[in-house]
Amino acid sequence: MLLVSDRSLLPVLIAAKPAETIVPRFVEALGAMLRRLDVSGEVVSAELAKMAEVRIDRTSSRRILGSMTDFAWLLDAYLTPGGSLEGAALRLAKAPCGPIGMQSPEDVAPRLLSSAE
């Protein structure tokens with residue numbers, strides 16, 4: 001399952017099953033992704049604490065849909081046999097994205113989080 005942040009377009013990949021544990025696995029994967037992007041532990045903890053109530057839903061946002069389509073194409077090359085979902089997500093996060101001024105989510109997400117402190 002590919003989940004994408006609305007503001008930073010940061011992608012997180014998790015297995016879709018089992019469905020009943022999607023939210024805790026997403027929160028855990030997001031925390032791991034942010035730590036891999038060198039976001040401070042305090043900022044990661046604060047961000048995850050804000051996620052006490054998580055809603056995963058379909059989007060009608062063209063920005064998100066277009067980015068997810070681009071990520072899906074890239075995923076064909078990045079998700080290799082024996083490779084990890086986290087590794088593929090980290091590679092996706094390096095991709096320049098038009099909706100964020102051709103910056104990469106790996107650069108935008110930490111900057112947004114540090115400005116929210």
Side-chain angles (χ1 to χ4, degrees):
M1 174 177 283
L2 172 63
L3 303 152
V4 177
S5 164
D6 182 49
R7 292 183 61 212
S8 69
L9 302 180
L10 184 69
V12 175
L13 290 169
I14 59 170
K17 293 182 180 183
E20 56 274 0
T21 62
I22 283 178
V23 171
R25 289 184 295 113
F26 164 66
V27 172
E28 181 180 328
L30 175 62
M33 174 69 90
L34 294 175
R35 285 187 288 279
R36 291 287 300 265
L37 297 179
D38 293 325
V39 175
S40 77
E42 292 172 358
V43 173
V44 171
S45 294
E47 185 66 15
L48 297 182
K50 292 177 189 175
M51 297 180 71
E53 185 177 318
V54 174
R55 189 182 88 207
I56 298 174
D57 204 351
R58 293 179 185 210
T59 185
S60 59
S61 165
R62 289 181 187 204
R63 168 186 162 114
I64 298 296
L65 291 172
S67 298
M68 289 181 80
T69 299
D70 290 344
F71 287 152
W73 281 103
L74 290 170
L75 230 117
D76 278 344
Y78 294 170
L79 195 55
T80 58
S84 71
L85 293 176
E86 181 182 26
L90 284 165
R91 288 189 70 189
L92 289 175
K94 294 178 182 303
C97 298
I100 52 176
M102 296 311 289
Q103 298 176 79
S104 65
E106 77 173 355
D107 293 331
V108 173
R111 198 167 46 246
L112 287 173
L113 288 169
S114 68
S115 69
E117 290 182 70

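Position 1 is the first residue of the sequence; numbering continues from there.
Shortest non-hydrogen contact noted between I64 and D6 is CD1-CA, 3.5 Å. Of all heavy-atom pairs spanning A95 and F71, the tightest one is CB-CE2, 4.3 Å. Residues L2 and P11 share a closest heavy-atom pair of CD1-CB, 3.9 Å.
Remark: side-chain polar atoms of R91 are not paired, donor with acceptor, to backbone N or O of L75 under 3.5 angstrom. In terms of modelled atom types and a separation under 3.5 Å, the side chain of R35 and the main chain of V44 share no donor-acceptor contact. Checking side-chain atoms of R36 against main-chain N and O of G87 turns up no donor-acceptor pair under 3.5 Å.
Rounding to the nearest 0.5 Å gives a distance of 7.5 Å between CE of M33 and CG of L92. Taken to the nearest 0.5 Å, the CD1 atom of I14 stands 7.5 Å off from the OG1 atom of T21. Taken from NZ in K17 to CZ in R25, the straight-line distance is 11.5 Å, to the nearest 0.5 Å. Between the CG atom in L9 and the CG atom in D70 there is a gap of 10.0 Å [rounded to 0.5 Å]. Atom CD of Q103 and atom SG of C97 lie 10.0 Å apart (nearest 0.5 Å). To the nearest 0.5 Å, atoms CG (L85) and CG (L79) are separated by 6.0 Å.
L30 has its side chain within reach of M51: a pair of non-hydrogen atoms, C-beta onward, lies under 4.5 Å apart.
Under the 4.5 Å side-chain heavy-atom criterion for ILVMFWY residues, no single connected hydrophobic cluster contains both L3 and L65.
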- prompt: Could you go step by step and tell me if V4 and T59 meet the side-chain contact (heavy atoms from CB on, under 4.5 Å) rule?
  reply: CA-CA 10 Å; V4 177; T59 185; over 6 Å; no
field: Residue pair V108, R7: steps toward the side-chain contact (heavy atoms from CB on, under 4.5 Å) verdict
entry: CA-CA 9 Å; V108 173; R7 292 183 61 212; over 6 Å; no
